[in-house]
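Input: a single structure, listed below in structure tokens.
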Amino acid sequence: MLLKLNHKWSLTEEEARNLQAKLAKLVAEEKLPADPELIAGVDVSYNVGENILFAGVVVISRRNLKLVEKAVAVKEVKFPYIPGLLSFRETPALIEAFSKLKTEPDIILVDGQGIAHPRAFGIASHIGVLYDKPTVGVAKSILVGKPDFIPKNKGEFAFLRFNGKIVGALLCTQTGSAPVVVSVGHKVTLEESINLVNELAVHFRIPEPTRLAHIVVNEARRKGSQE
DNA sequence: GCGACAG
DNA sequence: ATCTTGTCGC
């Protein structure tokens, strides 16, 4: 995958927030150009107390949910985890993983928020803008906003509102499990995002792409950190 | 000042 | 994010 835009990553918190506000203007909430077939999922893993990130990308076929390709990168980090600035910690490592990927996905599912973010620029939007590619944010919990209600049954969803606007949705992917937070990352609509995540979460709470990515990076971490 | 706070 | 077996509930 080719990076269409890049910038410095060694920034102060203030610089990072200003950059998010600036790049947020580039986010497009629009319909997909075509039905996606190759879906990518990304995730990051690391040992608490260490500064080594294991970033991974997997690409699966929407048809059979089978793995098409995977890529992993190991990278040192200096940026800490700060709510609202997650992308400045994880994206550099993910870019390395993407650079090893040969398959060109149609859309990317990211473990985190899209525009359901304080400055409407979560990691899913950040990655989408950098590669100018459709992305969807799939988080396990809310960063900002309030849901209209808590969906309880599979396939049911509730809009998430922040500053008077709908910024995402709480989607119940499995009856009996906590809902996931879906939001537009870039170049996709919320409706398409919800439908896609629901379709890809057939047997588990987490949709297959990010679920597989999570498994891949954890395997890499357990091997690469026990030497 | 207080509480909230993706991974 | 990660450390972890059994156990409560449908």
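These numbers come from the heavy atoms of this one structure, side chains and all, not from hydrogens, waters or symmetry mates. Protein chains get the first letters and strands the later ones, always in sequence-line order, with residue 1 at the start of each.
For A:Tyr46, counting side-chain heavy atoms from C-beta on, the closest listed nucleotide (C:dT2, C:dA1, B:dA6) is C:dA1. The listed nucleotides are C:dT2, B:dG7, B:dA6; the one nearest the side chain of A:Asn218 is C:dT2. Residue A:Arg222 has its side chain nearest to C:dC3 when only B:dA6, C:dT2, C:dC3 are considered.
Among residues two or more places apart in sequence or in another chain, the ring-ring contact (aromatic ring centres under 6.0 Å, His included) test is passed with A:Tyr46 by none.
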Donor-acceptor pairs are to be reported for all side-chain atoms of residues 74-82 of chain A against protein atoms at under 3.5 Å, with residues two or more places apart or in another chain.
from: A:Lys75; atom 1: NZ; to: A:Glu96; atom 2: OE2; distance (Å): 3.4
from: A:Glu76; atom 1: OE2; to: A:Asn51; atom 2: ND2; distance (Å): 3.1

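Taking the six-membered ring for Trp and the full ring otherwise, the centers of A:His117 and A:His126 sit at least 6.0 Å from each other.
A:His126 comes within 4.0 angstrom of nothing in the nucleic acid, heavy atoms only. Within 4.0 Å (heavy atoms only), A:Gly84 reaches at least one base atom of the nucleic acid. Here A:Ile142 lies in heavy-atom contact (under 4.0 Å) with sugar-phosphate atoms only. A:Leu53 comes within contact range of no nucleotide atom at all, as no heavy-atom separation falls under 4.0 Å.
Annotation: A:His203, atom NE2; neighbour count of heavy atoms from other residues, nucleotides and ligands within 6.0 Å does not exceed 12.
Atom P of nucleotide B:dA6 and atom CD of A:Gln20 are separated by 14 Å, given to the nearest angstrom.
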